[in-house]
Amino acid sequence: MCGIVGYVGAQQAAPILVEGLTRLEHRGYDSAGVAVLAGSGSTTAIKVAKRAGRVRDLAEALPKRFAGRVGVGHTRWATHGPANDVNAHPHTDAPAHHARVAVVHNGIIDNAAALRHRLTEAGVELASDTDTEVLAHLVARSSADTLEGKVSEALAAIEGTYGIAVVHTDFPDRIVAARNGSPLIIGVGEREMFVASDLAAIVRHTTTVAHLDDGEIASLTATGFTTYRQDLTSTAKTATVLDVDPASYDAGEHESFMRKEMLEQPAAAERVLRGRLDERFGTAHLGGLNMEPREIRAIRRVKILGCGSAYYVGQMGAGLVEELARIPADAEAASEFRYRNPIIEPDTLYVAVSQSGETIDTLLAVQEIRRKGGRVIGLVNVVGSAIARECDGGIYLHAGPEVAVASTKALTNMFLGFALLALQLGRVRDLSIADGRRLIAGLSRLPGQIEEVLAQEDALAALAGRLAEAESLFFVGRVRGYPVAREGAQKFKEISYRHAEAYQTSELKHGPLALICEAVPTVAIVPDDELADRNVAALHEIAARRGPLVVVTHDGVVLGDLDASGGVERVVVPRNERELDPILLTVPLQLLAYHAARRLGHDIDKPRNLAKSVTVE
Ligand code: G6P
């Protein structure tokens with residue numbers, strides 16, 4: 001999704017903005033641009049450079065003379081109007097040399113058509129097809145005598161979501177930013193200030209930040225920042241120092257962030273478990289849940305909401321909650337939930353799961369539940385993010401920054417977060433202390449076992465090379481294995497661009513078997529559990545149609561004459577407690593997807609058409 005970065009200070013803004021935009025590339029975008037305030041005093045002018053394509057194309061095209069110590073930059077993900085040079089941000093109120101205002105904007109202005117019409121009637125010539133351009137004109141036409149006032153007035157006229165940053169030639173010492181639905185943070189440096197939609201853009205300069213809330217406006221000069229409500233009364237926000245290592249935002253010696261993040265999984269898994277396992281009582285301690293045992297006992301249902309991979313891991317989480325806590329649980333795509341006028345029950349525990357904590361569909365689902373009086377907890381990775389702040393309590397995932405679009409370590413920690421939650425809920429209810437201890441021992445073994453799966457990378461890479469040749473694949477599993485298959489198919493399709501479809505193994509014969517042939521491989525999830533024999537029977541049906549098979553399984557599962565038939569490849573993962581199987585079965589699927597995409601020569605961290613955080617509906 002679109003990215004914003006802004007700078008005000010003593011340094012040249014353009015290089016900082018361009019570097020910041022490079023750090024936002026993973027969010028997904030199709031054009032990029034920067035604007036700086038050049039000159040000084042009454043001769044201040046706006047310079048703009050923007051174009052469709054990559055940030056490096058923009059950097060190469062920057063004019064030699066592009067000096068200025070205040071500026072804003074943007075990566076655009078097209079919504080209103082195609083991705084071209086004109087529609088790229090920043091947008092101005094006039095052609096660059098006459099412009100007084102430049103605006104960058106994330107989000108969508110819902111009443112843009114009406115506002116464009118009104119401006120055109122008033123004689124304004126709009127240059128682009130975008131909703132954002134109206135903001136530049138509204139700010140320029142405001143009669144308020146401060147930039148904060150002009151921005152506030154402009155915002156009062158618009159409906160929709162936004163994170164914006166605005167510069168104005170009459171106020172050359174500042175940037176004014178505002179948020180409603182699209183994340184924005186302010187970074188505090190040494191006599192310099194930053195604004196960005198994502199910490200990644202500014203983390204090399206500062207980790208002292210303030211998160212803007214919806215409805216807030218911020219004014220930044222080189223020496224400080226002030227925050228206001230939209231009516232310009234003060235919110236007096238102060239900055240805090242985040243405990244993050246800027247180096248974790250670099251791929252270092254790794255060829256991609258996805259590979260780096262896959263390899264970080266054992267360490268990330270240890271972090272989410274650390275200090276949360278209670279051997280003595282066979283339970284988990286989740287301080288952030290904010291729930292009394294009495295309240296836990298009153299829960300009649302658990303409803304998990306997330307999008308994409310977070311939704312699939314939510315389905316794994318629902319399985320854990322049902323198995324360990326014996327509470328009916330299910331997961332639903334947050335993007336759908338809100339639109340079917342959901343019944344919010346007082347004795348349902350709602351769980352929002354999100355890596356970024358900014359996914360708009362998940363955030364809006366949380367707001368809908370809370371509006372109707374429901375209780376929501378969050379499983380969120382990014383500390384201080386919108387979903388984390390909006391929930392009644394939650395579990396931070398401590399996976400560290402995840403940059404690649406395809407979620408790996410955050411997903412693993414989401415699973416572990418659910419295991420901890422299910423354990424704690426279970427132990428307040430019917431799970432025995434012996435079972436609690438059994439699971440604690442299993443959880444403690446997991447980081448090392450993830451490492452063992454990662455060590456199979458070479459064999460998985462060879463296998464992936466063969467799978468990459470197929471235009472279309474199935475991923476199948478049952479019960480605990482089904483969400484694993486869904487997540488495996490998701491990973492495979494999002495980075496290899498092959499058609500990968502997940503199915504319940506049991507449903508194959510009710511339709512998809514018609515497609516099975518030599519050209520359509522199936523990746524089958526067959527843990528050594530109570531369904532293993534039935535799973536193997538289904539594999540025979542695939543083999544009988546000459547469908548190539550990759551079986552992700554445990555040692556000891558008897559595939560019978562399939563093993564001898566030649567067309568079957570086995571991927572063996574370590575055994576743990578059955579309830580925890582899903583995550584160890586998921587890790588090899590990450591490596592399969594990764595190596596298939598690599599074989600096909602794709603840009604793994606920035607898959608086409610996808611964004612890391614989807615902050616527009
Ligand atoms: C996007 C990403 C997915 C991710 C989903 C949810 O669609 O492309 O990889 O799983 O958003 O993101 P979240 O930050 O809420 O976990």
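For clarity, every value in this text was computed on a predicted model and none was experimentally measured.
- Considering all non-hydrogen atoms of both residues, Ile175 and Ala165 come closest at CG2-CB, 4.0 Å.
- Every residue meeting the salt bridge (charged side-chain N to carboxylate O under 4.0 Å, His left out) condition with Lys260, not counting sequence neighbours, appears here in chain and number order: Glu264.
- Figure legend: Arg608 and Tyr497 shown as a cation-pi pair, the cationic atom lying under 6.0 angstrom from the six-membered ring centre and within 45 degrees of its axis.
- Residues in residues 34-43 take part in no side chain to side chain donor-acceptor pair (under 3.5 Å) pair, two or more places apart or across chains.
- Looking only at atom types and distance, the side chain of Gln590 has no donor-acceptor partner in the side chain of Thr408 under 3.5 Å away.
- No more than 12 heavy-atom neighbours from other residues, nucleotides or ligands sit within 6.0 angstrom of CZ on Arg118.
- In this structure, the separation between CG on Asn180 and CG on Leu212 is 11.5 Å, given to the nearest 0.5 Å.
- Residue pairs meeting the side chain to side chain donor-acceptor pair (under 3.5 Å) criterion with at least one partner in residues 142-152, sequence neighbours excluded, are Ser142-Glu153, Glu148-Arg174, Glu148-Ser219.
- Neither side chain, Ser182 nor Thr161, offers a donor N or O lying under 3.5 Å from an acceptor on the other.
- In this structure, Ser309 OG and Glu494 CD are separated by 5.5 Å, a value rounded to the nearest 0.5 Å.
- Among residue pairs with one or both ends in residues 385-415, none qualify as ring pair (Phe, Tyr, Trp, His ring centres under 6.0 Å); sequence neighbours excluded.
- Ile387 contributes atom CD1, which lies 11.0 Å from atom CG of Leu379 (distance to the nearest 0.5 angstrom).
- Applying the side-chain hydrogen bond (donor to acceptor under 3.5 Å, both in side chains) test to Asp231 and every residue at least two apart in sequence or in another chain returns Thr233.
- Donor-acceptor pairing under 3.5 Å is recorded for the side chains of Ser128 and Thr130.
- Distance check, rounded to the nearest 0.5 Å: NE2 of His89 to CD1 of Ile164 gives 11.5 Å.
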Donor-acceptor contacts under 3.5 Å from residues 195-203 side chains, at least two apart:
{"from": "Ser197", "atom 1": "OG", "to": "Ile4", "atom 2": "N", "distance (Å)": "2.9"}
{"from": "Asp198", "atom 1": "OD1", "to": "Ala200", "atom 2": "N", "distance (Å)": "2.9"}
{"from": "Asp198", "atom 1": "OD2", "to": "Arg27", "atom 2": "NH1", "distance (Å)": "3.0"}

